[in-house]
> 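Dropping a structure here in structure tokens format, bear with me for questions.
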Amino acid sequence: MPTYQINVNGESRTVDVTEDTPVLWVLRDHLDLVGTKYGCGIGQCGACTIHVDGTAMRSCSLTLSQIDGKSITTIEGLSEDGTHPVQKAWKEVDVPQCGYCQAGQIMTASAFLDSNENPSEEDVKNAMHGNICRCASYTRIHKAVMIAAENMD
Amino acid sequence: MSTNNSITFSRRAFLRSSSLAGGGMLIGFNLFQACKPKVIAEPAIDLSTLAYNDFNAFIKIAENGAVTIFSPNPEIGQGVKTSMPMIIAEELDVAWKDVYVEQGILDTKNYTRQVAGGSQSIRHGWDALRETGAKAKQMLVSAAATRWGVDPSECTVSEGVITNAAGETLGYGDVVKDAALLEVPEEVTLKEPKDYKIIGTNIANVDIDKITTGKPLFGLDYKVDGMVYAAVVRPPAFGQKLTSYDDTEARAMPGVLDVIKIGGKVRAMLEEDPGFESKISSSDKIVVIAETTWQALNAKKAIKAEWENDLFMESTENHDQMLNGFLKGTQFETKRKDGDVKKAFAEADEVLERTYESPFLPHNCMEPMNFFANVTDEKIYLAGPIQTPAWKAGLVSKMLGRPEEDIHLEMTRMGGGFGRRLYGDFVLEAVEISDAIRKPVKMICTREDDVALGIYRPATKYRIKASIKDGEITGYHLKEAAINSNMYGLIPNFFPAGAIENYQVDVVSYKSNITTGAWRAPYTNFLAYAEQSFFDELAELMEVDKIQMRLDLLDKVKPDEDERIQYSPDRMKEVIKTAVEKSGWGTKPDNIYQGFVNYYCHNTHVAEVADVEIENGEPVVKKITCVVDCGIVVNPLGALNQIEGGVIDGVGHAMYGELQFDAGKPMAHNFDRYRLIRMKEAPIVETHFIKNEFSPTGLGEPTLPPAGGAIANALKAATGNRLYRQPFTKTPELLKVPSKEIIG
């Protein structure tokens with residue numbers, strides 16, 4: 001099997017996988033970064049959202065060739081100790097119910113806030129609309145993103 | 001603080017065979033050493049690294065007084081991993097900041113009812129958990145009193161520190177070794193609610209740090225050394241069975257270790273336990289075993305399987321015809337009968353009859369079904385997301401002909417349950433696979449597998465008929481036509497049972513080969529909408545106030561004279577009146593259309609008011625005011641989350657949820673063709689609790705059923721159209737606002 005170098009959370013990692021392996025499964029099975037979740041496999045639910053050069057993308061629909069030379073950030077690397085403003089807001093609001101989709105929600109929200117300084121309530125709804133929360137913690141997700149927006153550097 | 005090794009080893013000294021009521025001897029935590037998790041969750045806080053002394057199956061105490069509390073019940077997102085330990089910590093009298101919570105394993109000797117279902121964990125656990133904490137506290141105080149040579153009554157406790165009359169203090173950690181050896185007291189005094197320091201305060205989800213930093217918590221995250229992955233090829237349609245398959249191509253693919261056939265053991269188990277046959281296919285299945293998830297999923301696509309139609313291949317149209325035929329027929333079983341509804345209808349001034357229809361629903365837990373199994377000669381190791389671990393251990397024991405003592409089962413945090421993980425058909429598959437290959441294995445489903453492997457909420461129809469005579473409701477006849485099973489327990493005795501002299505509930509069901517089961521608030525998730533829509537229509541026909549009509553009916557209920565009536569008319573009236581006040585019922589401007597529902601299920605009384613506004617000519621659900629009487633609110637922060645989630649889930653499924661079948665095949669398999677509610681469609685939920693000191697009841701389900709009815713009644717107010725069929729988006733013409741409303 002071919003060997004790939006990928007840059008994840010500031011580290012260069014080597015993986016031995018077939019070319020068609022989605023980045024999601026490279027992260028989960030080969031690098032033990034299981035914070036990125038499998039939800040649908042077709043880019044519809046957002047549970048597998050990661051940052052590729054700072055942009056939120058669905059890792060279930062990305063191949064290794066698409067991230068060649070790019071920097072990947074997963075939920076494990078969003079901050080060193082869980083103190084990114086979005087993570088802090090999630091804790092303050094106590095967003096999760098089951099918690100399964102929340103890493104993807106946090107990754108979508110953090111990438112959105114990086115490029116949108118003063119989002120309106122409507123902007124936040126539009127940005128988060130692609131991420132499903134089956135427990136329907138939507139009101140808390142919305143509140144947490146609004147709080148995080150205030151505290152972004 | 002001491003983390004001295006000698007303390008760790010000395011834990012052995014406290015192995016005890018006597019048991020606490022509701023607690024008991026400690027559990028050995030090294031049973032799983034044979035396949036230790038490779039990915040170990042890092043502790044979020046230092047508390048987890050302390051050396052603890054075992055106290056009982058629920059409690060371990062460190063020398064510095066820090067406490068580990070084991071949460072016995074499975075966590076599916078309903079919050080019991082936080083709220084159950086809170087109840088123990090309250091009576092144990094420790095500071096919450098000193099508490100570290102761990103998930104208990106399946107242990108039927110020391111824990112009772114390790115089930116996540118029916119919104120019952122808190123209700124059933126309330127007395128036992130408080131007693132467990134209080135008895136442990138009493139033993140700790142006794143140990144301290146003995147050391148001081150004083151009477152325990154002279155001691156006081158605050159946050160894990162015992163103080164005597166002379167002002168001397170001992171921490172729980174100082175006396176835990178002595179205390180654990182004492183006899184468990186028979187009687188214990190519990191706190192008065194006014195003295196609660198933890199119960200009633202906002203406590204964050206105990207896994208919040210792990211969730212927000214992506215630590216392994218869920219079944220899909222569970223890994224052990226040497227574990228392989230299994231993807232299962234199941235019949236594509238209900239009613240089919242496997243005839244032959246070709247695995248040549250799959251076997252040649254990278255990472256594929258084996259391709260096997262399973263099914264025989266499940267069929268043998270079904271012969272012994274036929275009650276499970278509506279929960280799992282009896283067909284043979286093909287299993288691809290591979291080194292990684294992707295390799296297994298990929299190779300699965302290369303299996304060429306032939307299936308034959310073994311049973312009738314059902315479609316949504318068949319279900320529709322069958323249920324309509326039942327409603328016209330006479331094959332009903334009567335669940336409750338008061339007076340004579342036929343006579344009431346014959347003598348009525350007016351009769352109203354309406355039919356309400358609902359579709360099949362998949363559960364769509366965000367974490368697809370999966371389970372870990374490692375069947376060895378010595379033990380059967382199981383781990384993963386399961387709402388009913390004890391039931392599954394029993395089935396696995398039957399399936400493999402092994403004693404239940406051989407089974408070690410760990411519950412992982414679950415990415416949603418909603419009833420789907422009550423059944424554990426996936427546990428049986430994982431076990432059959434591991435038994436065949438004798439390796440640690442994780443059975444994994446794709447989303448497509450998960451939807452097609454449903455144990456669905458079946459389609460159901462209700463026909464309701466009521467009679468009016470001299471301005472009174474004199475008769476009420478509810479008929480249920482469902483699939484595979486009918487309403488159970490006390491549901492036939494829910495409101496308006498007891499309020500109407502002539503009252504009857506009849507049920508009938510069609511035996512389908514599509515697997516069906518409980519879905520968050522079974523039956524009531526649709527019945528509440530049907531009955532509460534009907535009440536509104538009845539009030540409109542009688543030209544009376546909709547709220548007053550409900551209150552008048554409640555005045556007639558006498559629960560003291562009928563033990564089947566478990567809802568309280570007084571508590572119901574209070575949630576109704578509070579909802580009227582808090583929602584501004586009847587005082588809103590003309591552009592806000594409201595719909596009202598009061599409901600009782602899962603032992604909790606709820607009233608909800610939906611506010612619908614018109615935006616761009618379309619009615620939009622903007623807000624739900626929700627009033628809840630669940631007795632004492634253990635953790636308001638968690639309770640609000642359940643309530644908001646339940647309401648929005650109820651709105652979402654009433655609006656969009658539907659799974660159709662054609663020739664036995666589900667017509668949607670993933671979120672591209674199956675619509676779940678998303679951020680922009682979610683209304684604001686404003687919650688108000690009724691404050692009282694009744695024992696607490698659950699919140700995982702009771703706020704969902706009223707939501708569909710509240711929005712149906714509000715949408716009627718907005719559009720003039722009564723909705724008789726879920727999902728409401730299936731009839732878009734009925735969601736149009738009359739043109740004058742747009743202009744107005």
Side-chain angles (χ1 to χ4, degrees), chain A residues 1 17-18 20-22 24-26 28-30 32-42 44-45 47 74-76 78-79 81-82 86-88 90-92 94-103 106 122 124-142, chain B residues 38-39 44 75-79 202 204-205 207-218 220-221 223 229 254-255 292-295 298 364-368 413-418 446-448 637-638 641-642 644-649 652 670-672 676-680 682 684-685:
Chain A
M1 272 186 285
V17 294
T18 52
D20 63 348
T21 311
L24 166 67
W25 297 112
V26 174
R28 290 186 56 85
D29 283 1
H30 299 267
D32 285 343
L33 293 168
V34 296
T36 305
K37 299 301 190 215
Y38 168 77
C40 70
I42 57 168
Q44 290 284 323
C45 77
T74 69
I75 184 73
E76 291 91 343
L78 185 62
S79 67
D81 50 3
V86 173
Q87 288 168 314
K88 281 165 80 174
W90 244 249
K91 293 180 206 180
E92 182 185 332
D94 195 39
V95 172
Q97 289 180 42
C98 85
Y100 191 80
C101 74
Q102 300 295 349
I106 289 169
E122 246 0 80
V124 170
K125 284 186 182 175
N126 285 328
M128 301 307 296
H129 193 71
N131 285 65
I132 294 173
C133 173
R134 175 66 182 83
C135 302
S137 65
Y138 295 119
T139 47
R140 289 194 180 192
I141 292 169
H142 190 261
Chain B
K38 184 175 161 195
V39 180
E75 173 62 58
I76 57 176
Q78 84 280 45
N202 287 323
N205 186 323
D207 284 332
I208 187 78
D209 287 317
K210 292 176 182 169
I211 291 169
T212 53
T213 54
K215 297 290 186 296
L217 278 171
F218 299 92
L220 218 59
D221 305 342
K223 276 185 195 181
Y229 295 83
T292 70
T293 310
W294 177 248
Q295 288 165 341
N298 222 11
N364 273 323
C365 303
M366 284 308 286
E367 179 191 12
R413 190 177 182 87
M414 287 176 245
F418 311 106
T446 60
R447 174 60 53 195
E448 289 81 2
L637 190 62
N641 218 350
Q642 289 307 300
E644 289 161 11
V647 169
I648 297 171
D649 190 9
N670 207 325
F671 301 134
D672 52 345
L676 287 168
I677 193 166
R678 290 171 183 263
M679 174 72 84
K680 283 195 276 187
I684 293 165
V685 180

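Below, read A as the first sequence line, B as the second, and so on, with proteins coming before strands; counting in each chain starts at 1. All values reported here derive from a predicted model rather than from experimental measurement.
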> Can you tell me which of I76(B), D207(B), N364(B) forms the most heavy-atom pairs within a distance under 4.5 Å of chain A?
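So the answer, after comparing I76(B), D207(B), N364(B), is N364(B).
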> Does atom NZ (K88(A)) have a neighbourhood of more than 12 heavy atoms from anything else shown, all under 6.0 Å?
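For K88(A), atom NZ is not crowded (no more than 12 foreign heavy atoms under 6.0 Å).
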> Measuring from I75(A):CD1 to T212(B):OG1, what's the distance to the nearest 0.5 Å?
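If we round to the nearest 0.5 Å, I75(A):CD1 and T212(B):OG1 are 7.0 Å apart.
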> Testing the basics here: between R447(B) and G39(A), what is the closest heavy-atom pair and its distance to 0.1 Å?
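Of all heavy-atom pairs spanning R447(B) and G39(A), the closest is NE-O, 2.8 Å.
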> Could you look at Q295(B) and say if it's the side chain, the backbone, both or neither that has a heavy atom under 4.5 Å from chain A?
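Side chain of Q295(B) only, per the 4.5 Å heavy-atom cut-off to chain A.
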> May I ask you to name which of G646(B), A682(B), P254(B), P368(B) has the most heavy-atom pairs under 4.5 Å with chain A?
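Greatest number of close heavy-atom pairs with chain A: P368(B).
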> Nearest 0.5 Å please: distance from the CD1 atom of I208(B) over to the CG atom of D94(A).
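I208(B) CD1 to D94(A) CG: 5.0 Å, rounded to 0.5 Å.
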> Please check if atom CD1 in I42(A) has more than 12 non-hydrogen atoms from other residues, nucleotides or ligands closer than 6.0 Å.
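For I42(A), atom CD1 is crowded (more than 12 foreign heavy atoms under 6.0 Å).
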> Side chain, backbone, both or neither: which part of M414(B) has a non-hydrogen atom closer than 4.5 Å to chain A?
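The backbone, not the side chain.
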> Within the structure provided, determine whether I211(B) and W90(A) are in side-chain contact (heavy-atom separation under 4.5 Å).
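Not touching, per the 4.5 Å side-chain cut-off.
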> Among A47(A), G35(A), P22(A), C133(A), single out the residue with the greatest number of heavy-atom pairs under 4.5 Å to chain B.
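Ranked by contacts with chain B, first place is P22(A).
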> Please find the pair of heavy atoms, one from K223(B) and one from R28(A), that lie closest to each other, and give the distance.
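That closest heavy-atom pairing would be NZ-O, 2.7 Å.
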> Using non-hydrogen atoms only, which part of T18(A) is less than 4.5 Å away from chain B: side chain, backbone, both, or neither?
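It is the side chain, since no backbone atom gets that close.
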> Does C135(A) offer a backbone N or O that forms a donor-acceptor pair with the side chain of D649(B) under 3.5 Å?
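It does not hold such a pair.
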> Starting at CD of Q87(A), measure out to CG of D209(B) and round the result to the nearest 0.5 Å.
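Q87(A) atom CD to D209(B) atom CG measures 9.5 Å (nearest 0.5 Å).
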> Measure E76(A) against the heavy atoms of chain B and call it side chain, backbone, both or neither at under 4.5 Å.
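Answer is both: backbone and side chain atoms of E76(A) are under 4.5 Å from chain B.
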> Report the C-alpha separation of N641(B) and Q97(A) in whole Å, then their side-chain angles, then the decisive distance to 0.1 Å, and conclude whether the side-chain hydrogen bond (donor to acceptor under 3.5 Å, both in side chains) test is met.
CA-CA 7 Å; N641(B) 218 350; Q97(A) 289 180 42; 3.1 Å; yes
> Going by heavy atoms in the side chains, are W294(B) and D20(A) under 4.5 Å from each other?
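Yes, close enough: below the 4.5 Å cut-off.
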> Give, as side chain, backbone, both or neither, the part of N202(B) having an atom under 4.5 angstrom from any heavy atom of chain A.
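N202(B) has no heavy atom closer than 4.5 Å to chain A.
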> CE/M679(B) to CD1/I141(A) distance, rounded to the nearest 0.5 angstrom?
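Reported to 0.5 Å precision, the distance equals 5.0 Å.
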> Please check if the side chain of R678(B) supplies one atom and the backbone of H129(A) the other of a donor-acceptor pair under 3.5 Å.
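Checking the backbone N and O of H129(A) against the side chain of R678(B), a donor-acceptor pair under 3.5 Å is found.
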> Let me confirm one number: the OH-CZ distance from Y100(A) to R413(B), rounded to the nearest 0.5 Å.
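Taking OH in Y100(A) and CZ in R413(B), the distance rounds to 13.0 Å.
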> Name the option with the most non-hydrogen atom pairs under 4.5 Å to chain A; the candidates are T446(B), I677(B), L637(B), N298(B).
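Ranked by heavy-atom pairs under 4.5 Å with chain A, first place is L637(B).
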> Okay, side chain of Y138(A), backbone of E644(B): is any donor-acceptor separation there less than 3.5 Å?
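Checked: no pair found.
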> Given side chains that start at C-beta, do those of L676(B) and Q44(A) come closer than 4.5 Å, heavy atoms only?
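The answer is no; the side chains never approach within 4.5 Å.
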> Is it the backbone or the side chain of V95(A) that comes under 4.5 Å from a heavy atom of chain B, or both, or neither?
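Backbone only.
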> Any side-chain heavy atom of I132(A) sitting closer than 4.5 Å to one from F671(B)?
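Counting from C-beta outward, I132(A) and F671(B) do come under 4.5 Å.
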> Can you confirm whether K37(A) sits close enough to L220(B) that some side-chain heavy atom of one is under 4.5 Å from a side-chain heavy atom of the other?
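K37(A) does not reach L220(B) side chain to side chain.
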